[in-house]
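Okay, so here's the structure we're looking at.
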Amino acid sequence: MKIKNICCIGAGYVGGPTMAVIAQKCPHIKVTVVDINEARIAAWNDKDLSKLPVFEPGLDDIVKGARDRNLFFSTDVDKAIDEAEMIFISVNTPTKTYGKGKGMAADLKYIELCARQIARVSKTDKIVVEKSTLPVRTASAIKSILDNTGNHVQFQILSNPEFLAEGTAVPDLLNPDRVLIGGDTTPEGAIAVNALVEVYENWVPRAQILTTNVWSSELSKLTANAFLAQRVSSINAMSELCEKTGADVDEVAKAIGMDSRIGPKFLKASVGFGGSCFQKDILNLVYIAKSYGLDKVADYWEQVIIMNNHQKQRFSDNIVNTLYNTVSGKKITFLGWAFKKDTNDTRESAAINVADNLLSEQAEISVYDPKVVAERIYADLDYLNTRTEEENKRLLKVSKDPYQACNQSHAIAVLTEWDEFTTYDWERIYKNMKKPAFVFDGRGILDQETLENIGFVYYKIGSGVE
Ligand code: UDX
Ligand code: UDX
C-alpha cells in the first residue's frame, strides 16, 4: 500500500518538526499538519521563518523548502482527515489535573477527541498512527472508538513513538538511532506496518526500522524516557555526595562513562531535568504499575522524580544559605529559563521551581534567556498559583540583555546550558555586581578558574571543596 496523503493532528513540538522532515524526504507525499489552535497554524505559515512556533536549529530551512510544495499547515481538520490514507495523532497528553489518577495518569481526552473526529469524518480506510506518548494499551481504546462510532471503514492502529529530543529535533529526525513501529500481528496489521516502514525507508536504513507488536512499542517509549531520566537522577544523586566529599561530578561522570557498559551520554549533573516528557512519562509509568498492583515497581520509578524535585529544591536552598540566609530584597539573575539549550520550550523547566522558591523568600529575580519570551515566563510562574500575577510581575523582571540582567545583582544562577553564556565578558559582569559576587552554576558550564580569578565566588553543582 503506497501512501500519498498524510495528515497529522497536532502542530506542536513533535508534530511540526516530524512532518516537516517527512515532507522534505518524501516529496511524493502530501503532508498536511492540522491544529485547532489558529494562532499556531498562522505562525507555521508565517512568511517570516523566525516566527515559526517551534524553535529548532535547522527547522526553518526544511520548512522553507517544503512548505506549500507538499507540506501544508491548516486548521481544516476534517478536510485533512478525509484526504489522508494515514493519520498521525500528535496532540498533547498532559498529566491529569483532576479525578482518578490526578497528578499521575496521562489525560487522554484530546486523543479520544481526535479518535472520535477521525471516526466521524472517515469515508475510506485509514491507518491511524499514535505519535503522542501514550499509556500501554491506549491503541485498543482508540480502536474501540473508531470501530464503534465509524462509518464501517477499516482502521489500523499503529504505534510509532517519537524519540527526538528538543533542540536537536532536526538531526534526530534525519538520523534516528532507530524508528519503532508497533502494529497488529494480523495480515492487515502487517500491511499497515509496511506502509509506514516504506515512508521512513525514504531516508532511514531498513535495519534501523524496528517493528514490534503495538504494546511493546507503546511501552518501549515510556521505558526509554524512564531510563534516560533515571540516568540524570542517578548522576544528580552523586552530585550531592560529590559536594560533601570534595569529589567532582564531571570527573566521576567521565570515569564511569568510559566503561563501555555505562557509556558517556546523559551523565551531566544539572539543577534537575525538565521538559514535557520525563516527569509526565514516569508518573504515567508509576500509575500504570500501581494499577496492576506492582507497588515495588511503582516505588522504584517514583524515586527518579523524588530525586529530581530534591535537586531543584537544594539548588535554591543553597543560594539562600550562601547569601547569608536571606535573599529578601536581593537581586538574583537567572541566566536561562528554557528546560535545556537550543529550545524555546519551558515545560517543567527547573528554572520555574527554583524561581518560585526564591520568590517565596522575597528575592527579586531578573531573567535573561535568549529564546524564551517574557509572556511565557510569567505564564509559567502564574500557573503555579503561589502568588498573584501582579506580585510575580513586581518581583520578577525579564531582560533582553544579559549584561543589564546581571547589573547590580547579588548572585547569578545558571539554569540553562546556553552556549552563549560561556562567551560573555565576565569581567564586565563582575564589575557591575554587588560584592561578594556569587555565581551558582546549575549546569556546570562555566570555567571555575577564570571566574574565581576575576573575583567571583563560584559554586558548581556537584563540585565540593577539596
Ligand atoms: C508531544 C507528544 O505528542 C506528547 O505525547 C509528548 O509526550 C510530548 O510531545 P508536543 O508536540 O510537545 O506533544 O505538544 P504541543 O506542543 O502541546 O502540541 C500539541 C498540539 O496539539 C497543540 O498545538 C494543540 O493545539 C494541538 N491539539 C490538541 C489539537 O490540534 N487538537 C486537540 O484536540 C488537542
Ligand atoms: C526527551 C528524550 O531524550 C527524547 O528521546 C524523547 O522523545 C522526549 O524526551 P527532551 O525532553 O526533549 O527529550 O530532552 P532531553 O535532551 O532528553 O533532556 C531532558 C532534560 O534532562 C533536560 O532538562 C536536560 O537538561 C536534562 N539532562 C539531560 C540533564 O540534566 N543531564 C543530562 O545528562 C541530559
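Atom set for the values below is all heavy atoms of this structure, side chains included, hydrogens, waters and symmetry mates excluded. We count ligands from 1, going down the list as the structure has it; atoms in each ligand are counted the same way. All values derive from a computational prediction rather than experimental measurement.
- Looking only at heavy atoms of the protein, atom 24 (C) of ligand 1 is closest to Asp35 OD1, 3.4 Å.
- The pair Asp250-Lys268 counts as a salt bridge, with a side-chain nitrogen and a carboxylate oxygen less than 4.0 angstrom apart.
- Ion pairing between a basic and an acidic side chain is recognised when a charged N comes within 4.0 Å of a carboxylate O; Asp345 and Lys371 show no such pairing.
- A salt bridge links Arg376 to Asp380: at least one charged side-chain nitrogen sits closer than 4.0 Å to a carboxylate oxygen.
- Side chain to side chain, Asp342 and Trp418 fail the donor-acceptor criterion of an N or O pair below 3.5 Å.
- When only modelled atom types and interatomic distance are considered, Ser220 and Arg178 share no side-chain donor-acceptor pair under 3.5 Å.
- Looking at Val34 next to ligand 1, no N or O pair under 3.5 Å apart turns up.
- Of the N or O atoms in Glu166, none lie within a sub-3.5 Å distance of an N or O in ligand 1.
- Taking a cutoff of 4.0 Å between a charged side-chain nitrogen and a carboxylate oxygen, Glu85 and Lys30 do not qualify as a salt bridge.
- Looking at Glu417, Lys340, Lys341 and measuring to atom 14 (O) of ligand 2, the nearest heavy atom belongs to Lys340.
- For ligand 1, the polar-atom distance check against Leu113 finds no nitrogen or oxygen pair separated by under 3.5 Å.
- Taking any N or O of Ile9, backbone or side chain, none lies under 3.5 Å from an N or O belonging to ligand 1.
- With a 4.0 Å cut-off on non-hydrogen atoms, Arg347 touches ligand 1 through its side chain and not its backbone.
- Below 3.5 Å of separation, one finds an N or O of Tyr13 facing an N or O of ligand 1.
- Within the structure, the closest approach of Lys221 to ligand 2 falls below 4.0 Å when heavy atoms are considered.
- Contacts between Cys277 and ligand 1 below 4.0 angstrom, taking non-hydrogen atoms only, involve the side chain exclusively.
- A salt bridge between Glu240 and Lys244 is absent, with no side-chain N of the basic residue lying under 4.0 Å from a carboxylate O of the acidic one.
- Looking only at heavy atoms of the protein, atom 11 (O) of ligand 2 is closest to Phe339 CE1, 3.5 Å.
- Here the protein heavy atom with the shortest distance to atom 1 (C) of ligand 1 is Val14 CG2, 3.3 Å.
- Considering only heavy atoms from C-beta on, Arg120 comes within 4.5 Å of Asp78 through its side chain.
- Considering backbone and side-chain atoms together, Lys280 places an N or O closer than 3.5 Å to an N or O of ligand 1.
- Contacts between Glu162 and ligand 1 below 4.0 angstrom, taking non-hydrogen atoms only, are absent altogether.
- Summary of contacts: the protein heavy atom closest to atom 28 (C) of ligand 1 is Asn92 OD1, 3.4 Å.
- Regarding atom 32 (C) of ligand 2, its nearest protein heavy-atom neighbour is Lys268 O, 3.6 Å.
- Residues Trp426 and Tyr458 keep their aromatic ring centres 6.0 Å or farther apart.
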Q.
Does Gln313 form a side-chain hydrogen bond (donor to acceptor under 3.5 Å, both in side chains) with Asp317? I'd like the steps, not just the answer.
A. CA-CA 6 Å; Gln313 181 69 47; Asp317 287 350; 3.0 Å; yes
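- By the 4.0 Å heavy-atom criterion, Arg231 is excluded from the residues contacting ligand 2.
- Residue contact check: Ser270 has heavy atoms under 4.0 Å from atoms 29 (C), 30 (O) of ligand 2.
- The closest approach between any non-hydrogen atom of Lys131 and ligand 1 is not below 4.0 Å.
- With respect to Glu166 and Lys341, no salt bridge is recorded, no charged nitrogen being found less than 4.0 Å from a carboxylate O.
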